[in-house]
Protein chains: 2
Amino acid sequence: MNTASSLKSRLTRAQKQIHCLLEQSGETLTAQAIYQRLKDQQQMLGLATVYRSLRSLQIKGLAQARALPNGEWAYGLTSDDSHYLTCLNCGTSVPVEDCPVHSLEEKLGQSSHFQIFYHTLEFFGLCAPCTGRLEAESP
Amino acid sequence: MNTASSLKSRLTRAQKQIHCLLEQSGETLTAQAIYQRLKDQQQMLGLATVYRSLRSLQIKGLAQARALPNGEWAYGLTSDDSHYLTCLNCGTSVPVEDCPVHSLEEKLGQSSHFQIFYHTLEFFGLCAPCTGRLEAESP
DNA sequence: ACTAATAATGATTATCATTCTCATTCTAGT
DNA sequence: ACTAGAATGAGAATGATAATCATTATTAGT
Ligand SMILES: [Mn+2]
Ligand SMILES: [Mn+2]
Ligand SMILES: [Zn+2]
Ligand SMILES: [Zn+2]
């Protein structure tokens with residue numbers, strides 16, 4: 001049994017609930033959204049427990065987090081490999097299909113002494129409407 | 001004159017000071033650190049102005065931000081292309097030398113209607129000491 | 001240069017996601 | 001069943017960032 005699966009071995013009730021919710025949901029969720037959804041499903045967890053469990057799931061290699069432009073974090077499963085292109089002005093976000101970092105990740109996993117669970121890759125710039133608007137304002 | 005340089009055209013006093021500080025410093029800095037350094041250099045800016053200017057510099061394509069594990073943001077120049085591998089347990093962070101996303105960034109810039117200024121790429125996992133410690137705790 | 005309009009700044013306050021505290025409840029092992 | 005340690009939850013504390021608004025600097029028109 002390898003390290004990862006041994007770390008995953010035992011999940012607490014809260015960790016199981018959250019892992020399960022992330023699996024069902026398909027999309028990534030903020031901690032607050034997870035808290036709300038569980039409450040709605042009569043599976044209420046304390047907010048502190050939600051945050052604690054998310055950190056544990058990360059350390060166990062099961063969950064990942066990406067920072068949203070507004071300062072919140074979106075959590076998902078590490079099996080999900082998706083990336084976005086986001087407008088710095090209006091926040092519009094579109095998915096990016098390709099991901100060219102897997103071979104690098106593998107290489108790092110061998111050379112760096114780190115056990116790598118996931119990566120984040122995000123692109124930032126201006127969408128077409130915002131580019132137009134900003135050019136008009138500052139000619 | 002292209003779009004980017006037209007957007008960069010006029011910088012406010014505060015934006016110039018911060019851009020200059022980021023140029024000198026070489027490293028990335030949090031907003032709070034920028035505030036402190038400018039104060040130390042007798043170039044005091046209000047904290048609100050620091051945040052506003054950083055956002056403007058981003059929209060002008062001059063500055064980039066990456067989220068630190070502790071929830072703060074580190075700001076640098078978009079000309080800086082550096083990435084890190086971070087331990088989810090202890091926060092240890094090591095630089096990653098390679099970056100395999102430039103060709104994708106170029107492709108996206110052409111196909112997506114976005115004007116892309118920068119990207120973030122971060123790896124997360126466990127460092128060797130933490131892997132050992134956690135294995136010992138949960139056998 | 002003078003003035004009116006507009007933009008930038010800064011002191012302060014408000015926000016709110018996240019973390020901390022600690023008392024209580026659950027769990028595993030004997 | 002008993003006990004030690006872990007997990008949980010309610011609520012308070014934290015702290016970075018955003019919003020407010022009065023003041024100051026800059027711009028544009030005359
Ligand atoms: Mn990927
Ligand atoms: Mn890069
Ligand atoms: Zn936009
Ligand atoms: Zn570590």
Side-chain angles (χ1 to χ4, degrees), chain A residues 7-21 28-39 41-60 63 65-75 88-91 133-134 136-139, chain B residues 7-21 28-39 41-60 62-75 88-91 133-134 136-139:
Chain A
L7 289 177
K8 294 174 196 175
S9 51
R10 284 192 303 283
L11 297 185
T12 65
R13 175 172 56 89
Q15 287 162 24
K16 277 180 201 147
Q17 284 176 228
I18 292 174
H19 185 268
C20 190
L21 176 60
T28 62
L29 299 171
T30 65
Q32 303 282 344
I34 290 169
Y35 173 74
Q36 279 303 330
R37 292 221 187 174
L38 290 176
K39 187 191 284 184
Q41 298 177 13
Q42 319 291 342
Q43 298 202 320
M44 174 85 167
L45 287 179
L47 198 45
T49 302
V50 171
Y51 281 101
R52 275 188 293 241
S53 302
L54 284 169
R55 190 167 16 180
S56 298
L57 287 172
Q58 275 189 275
I59 288 174
K60 289 174 178 174
R66 78 180 178 107
L68 303 177
N70 68 2
E72 287 182 87
W73 294 81
Y75 297 89
L88 291 162
N89 190 56
C90 68
R133 265 194 293 276
L134 293 169
E137 285 171 17
S138 62
Chain B
L7 289 177
K8 294 174 195 174
S9 52
R10 283 192 302 282
L11 297 185
T12 66
R13 176 171 54 89
Q15 287 162 24
K16 278 180 201 148
Q17 285 177 227
I18 292 175
H19 184 268
C20 190
L21 176 61
T28 62
L29 298 171
T30 64
Q32 303 281 346
I34 290 169
Y35 173 75
Q36 279 303 330
R37 292 219 185 176
L38 290 175
K39 187 191 284 184
Q41 299 177 12
Q42 319 291 342
Q43 298 204 322
M44 175 86 167
L45 287 179
L47 197 46
T49 303
V50 171
Y51 282 101
R52 274 188 294 242
S53 302
L54 284 169
R55 190 166 21 180
S56 298
L57 286 172
Q58 276 189 274
I59 289 173
K60 288 174 178 175
L62 294 173
Q64 66 174 306
R66 78 179 178 110
L68 302 177
N70 68 2
E72 287 183 88
W73 295 80
Y75 296 89
L88 291 163
N89 191 55
C90 68
R133 267 194 291 277
L134 292 170
E137 285 171 16
S138 62

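Protein chains get the first letters and strands the later ones, always in sequence-line order, with residue 1 at the start of each. Side chains included, hydrogens not; waters and symmetry mates left out as well; all remaining heavy atoms used.
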Margin query: How many whole angstroms separate atom CG of B:Asn70 from atom P of C:dT19?
Written below: 9 Å
Item checked: From CD1 (B:Ile18) to CG (B:Leu62), nearest 0.5 Å -> 12.0 Å
Note to self: What is the separation between atom NZ on A:Lys16 and atom P on C:dC26, rounded to the nearest whole Å?
What the structure shows: 16 Å
Note to self: Between B:Met44 and B:Tyr35, does the side chain to side chain contact (heavy atoms under 4.5 Å, CB included) criterion hold? Intermediate values first, please.
What the structure shows: CA-CA 7 Å; B:Met44 175 86 167; B:Tyr35 173 75; 3.5 Å; yes
Next item on the list: Before giving the answer on side chain to side chain contact (heavy atoms under 4.5 Å, CB included), spell out for A:Lys60 and A:Leu11 the whole-Å C-alpha distance, their side-chain angles and the decisive distance to 0.1 Å.
Entry: CA-CA 9 Å; A:Lys60 289 174 178 174; A:Leu11 297 185; 3.8 Å; yes
Note to self: Just the rounded figure in Å: distance from C1' of C:dC16 to CD of A:Gln32.
What the structure shows: 8 Å
Check: How far apart are the closest heavy atoms of A:Ala31 and A:Val50, and which atoms are they?
Finding: O-CG1, 3.7 Å
Check: Rounded to the nearest Å, what distance is computed from the CG atom of residue A:Leu29 to the P atom of nucleotide C:dT18?
Finding: 13 Å
Next item on the list: Select from B:Arg13 and B:Gly71 the residue whose nearest nucleotide in DNA chain D is closer to the 5' end of that strand.
Entry: B:Gly71
Next item on the list: Could you tell me the separation between the CH2 atom of A:Trp73 and the C1' atom of C:dT19, rounded to a whole number of Å?
Entry: 15 Å
Notebook entry, point to check: Going through the distances and angles, do A:Leu45 and A:Arg13 end up as a side chain to side chain contact (heavy atoms under 4.5 Å, CB included)?
Noted result: CA-CA 10 Å; A:Leu45 287 179; A:Arg13 175 172 56 89; 4.0 Å; yes
Notebook entry, point to check: 5' to 3' on DNA chain D, which nucleotides open and close the contacts with chain B (atom under 4.0 Å from a heavy atom)?
Noted result: D:dA16 to D:dT20
Check: Residues two or more places apart in sequence or in another chain: which of them pass side chain to side chain donor-acceptor pair (under 3.5 Å) with B:Tyr51?
Finding: B:Gln32
Checklist line | Between C:dA8 (C1') and B:Lys60 (NZ): distance, integer Å | finding: 11 Å
Notebook entry, point to check: DNA chain C: A:Tyr75 or B:Gln15, which has the more 5' nearest nucleotide?
Noted result: B:Gln15
Next item on the list: Measure across A:Leu57 and A:Gln15 and return the closest heavy-atom pair with its distance rounded to 0.1 Å.
Entry: CD1-O, 3.9 Å
Next item on the list: Please work out if A:Glu72 contacts a base, only the sugar-phosphate, or nothing of the nucleic acid, heavy-atom cut-off 4.0 Å.
Entry: sugar-phosphate
Notebook entry, point to check: Under 4.0 Å between a side-chain N/O of B:Thr12 and OP1 or OP2 of C:dT9, yes or no?
Noted result: yes
Check: Atom CZ of B:Arg10 to atom P of C:dA7: distance rounded to whole Å?
Finding: 11 Å
Note to self: Just to be sure I understand the geometry, which residues of residues 42-52 of chain A put a non-hydrogen atom under 4.0 Å away from DNA chain C?
What the structure shows: A:Leu47, A:Ala48, A:Tyr51, A:Arg52
Notebook entry, point to check: Nearest heavy-atom pair of B:Trp73 and B:Ala67: which atoms, and what distance?
Noted result: CE3-N, 3.6 Å
Checklist line | Qualifying residue for side chain to side chain contact (heavy atoms under 4.5 Å, CB included) with A:Gln17, from A:Ile34, A:Leu38, A:Thr12 | finding: A:Leu38
